[in-house]
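Small disclaimer: the values here were computed from a predicted structure and weren't measured. The figures that follow rest on heavy atoms only: side chains count, while hydrogens, waters and symmetry mates do not. Within every chain, numbering begins at 1; the chains are lettered A, B, ... in the order of the sequence lines, protein sequences first and strands thereafter.
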Amino acid sequence: MSKATIPQGTRDFSAEVVRKRNYIIQTIKSVFELYGFEPLETPAMENLDTLLGKYSEEGDKLIFKILNNGLGDPKNIEKSRAAFENVLQGKNDRQLTERALKYDLTIPFARYVAMNHGQLTFPFKRYQVQPVWRADRPQKGRYREFYQCDADVVGSTSLVNEVEFALIYANVFQQLNIDVEIKINSRKILTALSELCHAKDKLTGITVAIDKLDKIGIEKVEGELLQRGLNPEQINIIKKYLGISGNNKEKIKQVEELLGHTESGKKGIEELEFMLNYSSDSGLQSLTIDFTLARGLNYYTGIIFEVKAQHVQMGSIGGGGRYDDLTGLFGVPDIPGVGISFGIDRIYDVMEELSLFPKEVHQGTQVLFFNLGDAESTKAFSLMHELRAKDISCELFHQQSKFDKQFKYAERKNISFAALIGSRELETNTCTVKDLRSGKQVSVKQSDLAETIRKMKPEG
RNA sequence: GUGGCUGUAGCUCAGCUGGUUAGAGCAUCAGAUUGUGGUUCUGAGGGUCGUGGGUUCGAGUCCCAUUAGCCACCCCA
């Protein structure tokens, strides 16, 4: 009856897309493992209380809430009605909803750490790749269901962790063949800036405005700062700060002059210098200090990261930073941490745009056996058994058809080889193997089939 | 949550200031071709023009409502 549809902002992923996405995800996961991180998965849904109030007022509105069951049960109906009245007034009511789809991976992780801090070995290093849901209105590159890909270390204040994350970024993007710039800054520098302006209370506002710089330009940032209650004198200081340029060394020198005399300024500079020293010792070249980097989220307290792809017009494809207190909201204080995130959808788009996916990524079945009759298929069946035992994926065309059809099927499934066993081959115990990309074909003994295919296999 | 744009064949889209039977390319199917695909040629099928209402002698075309998608803002990945 009704037309088949999927919910707004969600997507089906076809075979080719899944394979390409898996290629990205596998690369990232293997690098995480290489650096000693362990996987964690948490449920699709959390208790609503776990999520509410953890983001922002806006964030709360964007949480997908799950309706309780049994609301229409006669013995509940009065309560349900009362609860609904509450909801209409913008409140939440446990009677109506007490569970919600997770909104990000960080808060569920914090909940997990708070629940299990007695059992965990600290520093605890975990990575997590799972879908999250937001009731946002979808638009370009923005979905209601999307994957986040996070790694965090909690229970350690050592800056070595930050260096490791920079190395992880470099390692992953090098493997994916994406040219990137890894930008760093310290929130302590931004704190120092707000102190210098005598506007410590406006730190968040300053951060949010600066964060928009590369998107809206300096004039509009000024406008926003003005709107957020800063006077021209203060804005001047900020403009001076944003004007800092040169290479890493020159930038540090300039920022030192501007706010090296403040306590947090000094600390921030130390953090950045530590990272530069350590990472150059590890052979990492692409780290760039960017004082205009701010990051929207205001729980960051130390080093912050952002990764930008070169040669394409695209927002950041990764970001993260240090936070002081992950689990305090769940009653377990003093667990600091640092984490990063990969934007899988954007990485996918970048790789698609620059044609960076290896050709062999989209390959399922390697060999298609043509169906040329019953006796022929029976032979094909026993050969398939042998190939599969040797880890060569293969399938038999489902019915006897014209060559045309069978070839087209193979072509569409991106199958590399056609194996033909017809009456001639049956008599001579041979098999005709055709490489569908080059068009070359050979006749081989059936017993040599697996070996032949392995040799003809172009890559890997 | 606020604003803008768009809904015509499976897909991408034409369709003029309203006018007879709504088109093209690609895809599909059949044939040229009963052991050789990706090229070519011939033919065929496929549409209550998103849905509901209105204006009109007449609506794919104009108006209103509704719904879905896209894009932008807010915010964010």
Side-chain angles (χ1 to χ4, degrees), chain A residues 1-11 14 55-63 90 102-106 128-150 204 207-209 211-212 215-216 220 224 227 294-298 305-308 314-320 339-350 368-373 376 397 400-428 430-443:
Chain A
M1 265 301 271
S2 61
K3 239 192 284 176
T5 55
I6 51 172
Q8 190 181 40
T10 65
R11 298 164 288 174
S14 63
Y55 307 101
S56 55
E57 212 171 300
E58 273 299 310
D60 282 357
K61 285 188 199 158
L62 299 181
I63 293 171
K102 67 174 173 243
Y103 178 88
D104 72 353
L105 300 181
T106 307
Q128 193 170 356
V129 184
Q130 287 191 274
V132 300
W133 294 268
R134 294 189 188 175
D136 210 350
R137 190 170 286 197
Q139 52 175 285
K140 195 177 178 66
R142 228 163 130 185
Y143 303 94
R144 288 186 153 179
E145 179 186 70
F146 62 97
Y147 276 70
Q148 285 195 332
C149 177
D150 285 14
T204 305
T207 309
V208 170
D211 188 47
K212 293 180 183 167
K215 235 188 192 172
I216 62 176
K220 285 192 177 168
E224 181 145 351
Q227 206 185 336
R295 309 268 317 148
L297 300 173
N298 55 23
F305 297 96
E306 208 157 282
V307 182
K308 260 205 89 132
M314 182 79 66
S316 71
I317 53 177
I340 59 167
S341 175
F342 285 85
I344 292 178
D345 288 302
R346 280 184 178 177
I347 293 173
Y348 183 99
D349 290 344
V350 168
L368 178 71
F369 282 84
F370 275 32
N371 191 325
L372 304 175
E376 292 86 345
F397 195 74
Q400 188 178 353
S401 306
K402 300 203 308 183
F403 272 57
D404 183 69
K405 279 215 167 199
Q406 309 202 35
F407 270 121
K408 279 186 173 157
Y409 177 82
E411 196 182 9
R412 222 167 294 148
K413 280 193 77 174
N414 206 22
I415 293 172
S416 310
F417 300 102
L420 282 71
I421 295 171
S423 47
R424 293 208 291 262
E425 286 84 357
L426 263 189
E427 275 174 32
T428 53
T430 57
C431 176
T432 300
V433 180
K434 179 163 183 172
D435 185 324
L436 294 175
R437 281 160 301 186
S438 63
K440 281 181 196 155
Q441 79 180 34
V442 290
S443 178

Discussion item. Within the 4.5 Å heavy-atom criterion, are A:Leu426 and A:Glu376 side-chain neighbours or not?
Written reply: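 Side-chain contact under 4.5 Å: yes.
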Worksheet item: Is any side-chain heavy atom of A:Tyr55 less than 4.5 Å from a side-chain heavy atom of A:Leu62?
Response: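 They are not in side-chain contact.
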Discussion item. As a test of your reading of the structure, name each stem of RNA chain B as range with range, where a stem is three or more consecutive Watson-Crick or G-U pairs at under 3.5 Å.
Written reply: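 When the pairs of RNA chain B are grouped into runs of at least three, the stems are B:1-7 with B:67-73, B:10-13 with B:23-26, B:28-32 with B:40-44, B:50-54 with B:62-66.
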Worksheet item: How would nucleotides 70-77 of chain B be written as a contact map, 5' to 3', with B for base contact, S for sugar-phosphate-only contact and - for no contact, using protein heavy atoms under 4.0 Å?
Response: -SBBBBBB
Practice prompt. May I ask you to decide whether A:Asp345 forms a salt bridge with A:Arg11, counting only side-chain N to carboxylate O separations under 4.0 Å?
Written response: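 Salt bridge flag = yes for A:Arg11 with A:Asp345.
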Categorize [X] for me: base, sugar-phosphate, or nothing, with a 4.0 angstrom heavy-atom threshold over every strand shown.
| X | value |
| --- | --- |
| A:Gly439 | base |
| A:Glu57 | nothing |
| A:Ile344 | nothing |

How many whole angstroms separate atom [atom1] of [X] from atom [atom2] of [N]?
| X | N | atom1 | atom2 | result |
| --- | --- | --- | --- | --- |
| A:Glu376 | B:U36 | CD | P | 16 Å |
| A:Asp435 | B:G38 | CG | P | 17 Å |
| A:Lys434 | B:U36 | NZ | C1' | 5 Å |

Expressed in whole Å, how much space separates the [atom1] atoms belonging to [N] and [M]?
| N | M | atom1 | result |
| --- | --- | --- | --- |
| B:G38 | B:G46 | P | 27 Å |
| B:G50 | B:A24 | C1' | 22 Å |
| B:C57 | B:G52 | C1' | 23 Å |
| B:C64 | B:U21 | P | 28 Å |
| B:U51 | B:A68 | C1' | 10 Å |
| B:U42 | B:U61 | C1' | 36 Å |
| B:C62 | B:G15 | P | 12 Å |
| B:A65 | B:A27 | C1' | 36 Å |

Worksheet item: In this structure, which one of A:Phe407, A:Tyr409, A:Phe397 forms a side chain to side chain contact (heavy atoms under 4.5 Å, CB included) with A:Phe370?
Response: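 Of all the options given, the one that passes is A:Phe407.
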State which residues pass side-chain hydrogen bond (donor to acceptor under 3.5 Å, both in side chains) with [X]; sequence neighbours excluded, sorted by chain then number.
| X | answer |
| --- | --- |
| A:Glu224 | A:Lys212, A:Arg228 |
| A:Gln400 | none |
| A:Gln406 | none |

Item to complete: Looking only at side-chain atoms of A:Leu436, point me to the closest of B:G37, B:U36, B:G35.
Response: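 That would be B:G37.
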Practice prompt. State which of B:G35, B:U36, B:G38 makes the closest approach to the side chain of A:Phe407.
Written response: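 Closest nucleotide to the A:Phe407 side chain: B:U36.
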Item to complete: Output yes when a side-chain donor or acceptor of A:Arg142 lies under 3.5 Å from a complementary backbone atom of A:Arg137, and no otherwise.
Response: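 No, because the side chain of A:Arg142 does not come within donor-acceptor range (under 3.5 Å) of the backbone of A:Arg137.
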Item to complete: Look at the side chain of A:Glu425 and the backbone N and O of A:Gly422, then say whether any donor-acceptor pair between them is shorter than 3.5 Å.
Response: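 Yes, the answer is positive, given that a donor and an acceptor are paired below the 3.5 Å cut-off.
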Fill in: Base of B:U36 paired with side chain of A:Gln441 (donor-acceptor, under 3.5 Å)
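It does, because a donor-acceptor pair links the side chain of A:Gln441 to the base of B:U36 below 3.5 Å.
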Worksheet item: Do you know which two heavy atoms are closest between A:Lys434 and A:Gly439, and how far apart they sit?
Response: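 Here A:Lys434 and A:Gly439 meet closest at CE-O, 3.6 Å.
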Discussion item. I'd like to know whether A:Lys61 forms a salt bridge (Lys or Arg N to Asp or Glu O under 4.0 Å) with A:Glu58, so could you lay out the CA-CA distance, the side-chain angles of the two residues, the decisive distance to 0.1 Å, and finally the verdict.
Written reply: CA-CA 5 Å; A:Lys61 285 188 199 158; A:Glu58 273 299 310; 3.8 Å; yes
For nucleotides 28-34 of chain B, give me every protein contact, N/O to N/O, under 3.5 Å, one pair per line with atom names.
from: B:U28; atom 1: OP1; to: A:Arg412; atom 2: NH2; distance (Å): 3.0

Worksheet entry | Test log, rule side-chain hydrogen bond (donor to acceptor under 3.5 Å, both in side chains), inputs A:Gln148 and A:Ser341 | CA-CA 7 Å; A:Gln148 285 195 332; A:Ser341 175; 5.5 Å; no
